[in-house]
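Since we're looking at a predicted model, the values are computed, not measured. Quick note on labels: first sequence line is chain A, next is B, and so on, each numbered from 1.
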2 protein chains.
Amino acid sequence: MILTSEKFNLTSDALLKKAKPYLDALVDFINTEVNEFEPEIRELTAYCMKPQGKKIRPMLIFFSGWKDDSPLQPDLVRAAAVMEMVHQATLVHDDILDDASIRHNALTISKKYNAHVAVLLGDALFSHALHLASNFNTIEVCKIVSKATRQVCSGEISQSLKTNDVNISKEEYYRIIDLKTAELFGASCKLGATLANYDSKFIDAVTNFGRHLGIAYQLFDDLSDIIDSESNTGKTLGTDLASHKFTLPIILLLNKLNDADRLSFSKTLEASKDSSAYLIKQLHEHDIISKVMQAFDSEISLAEKSIKAWSSLQPYPYLMSISNQICTLANRLRS
Amino acid sequence: MILTSEKFNLTSDALLKKAKPYLDALVDFINTEVNEFEPEIRELTAYCMKPQGKKIRPMLIFFSGWKDDSPLQPDLVRAAAVMEMVHQATLVHDDILDDASIRHNALTISKKYNAHVAVLLGDALFSHALHLASNFNTIEVCKIVSKATRQVCSGEISQSLKTNDVNISKEEYYRIIDLKTAELFGASCKLGATLANYDSKFIDAVTNFGRHLGIAYQLFDDLSDIIDSESNTGKTLGTDLASHKFTLPIILLLNKLNDADRLSFSKTLEASKDSSAYLIKQLHEHDIISKVMQAFDSEISLAEKSIKAWSSLQPYPYLMSISNQICTLANRLRS
């Protein structure tokens, strides 16, 4: 069951068509910015900033600041480039930590070059994103972006410190994904609505929408990492488990085990020849996939509720459609 | 021979005494800021932001913006905290890449925790520095800091890509240290003079002073990494060589070798039981230490020349004294 309203279910194609002038302008803008990097690292920068990915954060910016009759707003494009660059920086660093080989169907920076270069390139992308943020007329963009970025790092560090902890609670997991994903989704919506000069109450509402959507998206992404196929996702899967990061499906499974079994969980996984197959069987046996999807639905519901009072505003149908797209994406995981 | 003018040689103690209200305010400010980090990473942040190091960049900020009769200028303290946080972030990341164990006589973050945490903590420090930079009345601070930070990363990446390259030229080496060190030294001076509302021509002059001082400092630091003792420096030495980063002393030595010897240089180093002793002997035989110190003197001279026309301005004697302190530091390496 999908909780989103059918009324606003623009197809993925229709939504992309609407966003196309912005997405094209974003590609052009990023290509120009790549040339602002020192000559020594332009090729590297171009490699990891080439058009790819689902562009969820840019879409949230464009549609949170959407005005049907307005010509293309360059500030929204620049803000999208900032967020995309911050997001790519976190991916470059994530891929080192996860020892991942493939991202967007291509070698990760840490595999194509090496981990040293990847650490530094991530830093350079962060710095340039903040440099772009300092080119707005208002200091508000710098404030939003730098705070969100620090929270993302805090979330990632918390997760890293909880590695291998079989007693990690559901609350601790939610706090981690709130920092590491909800924050950037919320900040994207906030930037869009702020730059388009929407009412401050709508800005709060849409930020809240973004946060819940971010949590839903991370719940989907973490489940996908365990049960999806690489041909579906175009990236290395099983990385959370390989690095002993326990996400919601594993936490719910651990809760079903007695103390002894919980402590031997990591060993059991390592001992089984195909830990992924073993784990998926366990998740099905304990009906955990549907429980995670319930948690996903609940966040989608909260997201949509956040902006319900603003249904007469122009961004509303598009934001609802983004929410629906994420539901469609997640539906393939339902058992 | 030291080229700096004796006239302005405030002793290290006298200079520190003058800077004390600012240095104390900096410690207080940073301690307060540590509490702005998410609770999960406060302890880690406090660990790597505890008062330590030579505080060269903060001193450059304080004295580039110095006004004898003015009460303590909080903007200079905040700018110093920004630069110190960026600097610490680069150190945390450097120590992963160099696999260093000791920094300021304590375990590095990557050894005390792990490399994952160190990558992310560096990111969090970068982000928070930029967040602080967004709290000034002027967007100029964000611009200066984010650009300088990206250049530092570019320099580090260039150096990483040149690892193991026995054909690296002196020009390539200078370009690397210009990006990775001169930039932050120059930006520190620029911030200080800008925030104190000095004349734009003095701002340019003092930025130039900082850049040359930065190059001199890096020349000293790279030589120290090869011939100094850990008890003198309080940090792991020999890291450049261990990671096959060839700095000026090695480049000058490589220039003395014929093609065959140059290609076998890395192997010769690895084959010798104590590569450090072997290398120091080679550096002495080819009179390279004094050549590096000549390059150092020449940069100090250029630095001091940059601000000569501003000798009537209040920052002048203090900046000259900082230059002298760096000379004193480097003098122990003269053979």
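Heavy-atom proximity under 4.5 angstrom to chain B picks out A:Arg175, A:Leu179 from residues 163-180 of chain A. Scanning residues 127-142 of chain A against chain B with a 4.5 Å heavy-atom cutoff picks out A:Ser127, A:His128, A:Leu130, A:His131, A:Ser134, A:Asn135, A:Phe136, A:Thr138, A:Ile139, A:Cys142, ordered by number.
Contact of the B:Asn114 side chain with the A:Ser160 side chain is registered, since non-hydrogen atoms from C-beta on lie closer than 4.5 Å. Residues A:Asp123 and B:Thr149 form no side-chain contact, since every pair of their non-hydrogen atoms from C-beta on lies 4.5 Å or further apart.
With chain B as the partner, the residue from A:Val119, A:Thr90, A:Thr45, A:Val86 showing the most heavy-atom pairs under 4.5 Å is A:Val119. The most heavy-atom pairs under 4.5 Å with chain A, out of B:Ala148, B:Ala115, B:Cys153, come from B:Cys153. Contact count versus chain B (heavy atoms, under 4.5 Å) is highest, among A:Gly122, A:Ala124, A:Ser146, A:Pro39, for A:Ser146.
B:Ser154 pairs with exactly one of A:Arg42, A:Glu40, A:Glu38 by the side chain to side chain donor-acceptor pair (under 3.5 Å) rule, that one being A:Glu38.
Contact annotation for A:Leu125: neither backbone nor side-chain heavy atoms come within less than 4.5 Å of a heavy atom of chain B. Of the two parts of A:Ile41, only the side chain, counted from C-beta on, holds a non-hydrogen atom closer than 4.5 Å to a non-hydrogen atom of chain B.
Note: B:Ile96 CD1 to A:Ile96 CD1 = 8.0 Å, rounded to the nearest 0.5 Å.
No more than 12 heavy atoms of other residues, nucleotides or ligands lie within 6.0 Å of NZ in A:Lys147, so this atom counts as exposed by the packing criterion.
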Exercise. After noting the C-alpha distance and the side-chain angles of B:His116 and A:Glu156, does the key distance pass the side-chain contact (heavy atoms from CB on, under 4.5 Å) rule?
Worked result: CA-CA 9 Å; B:His116 292 199; A:Glu156 299 266 6; over 6 Å; no

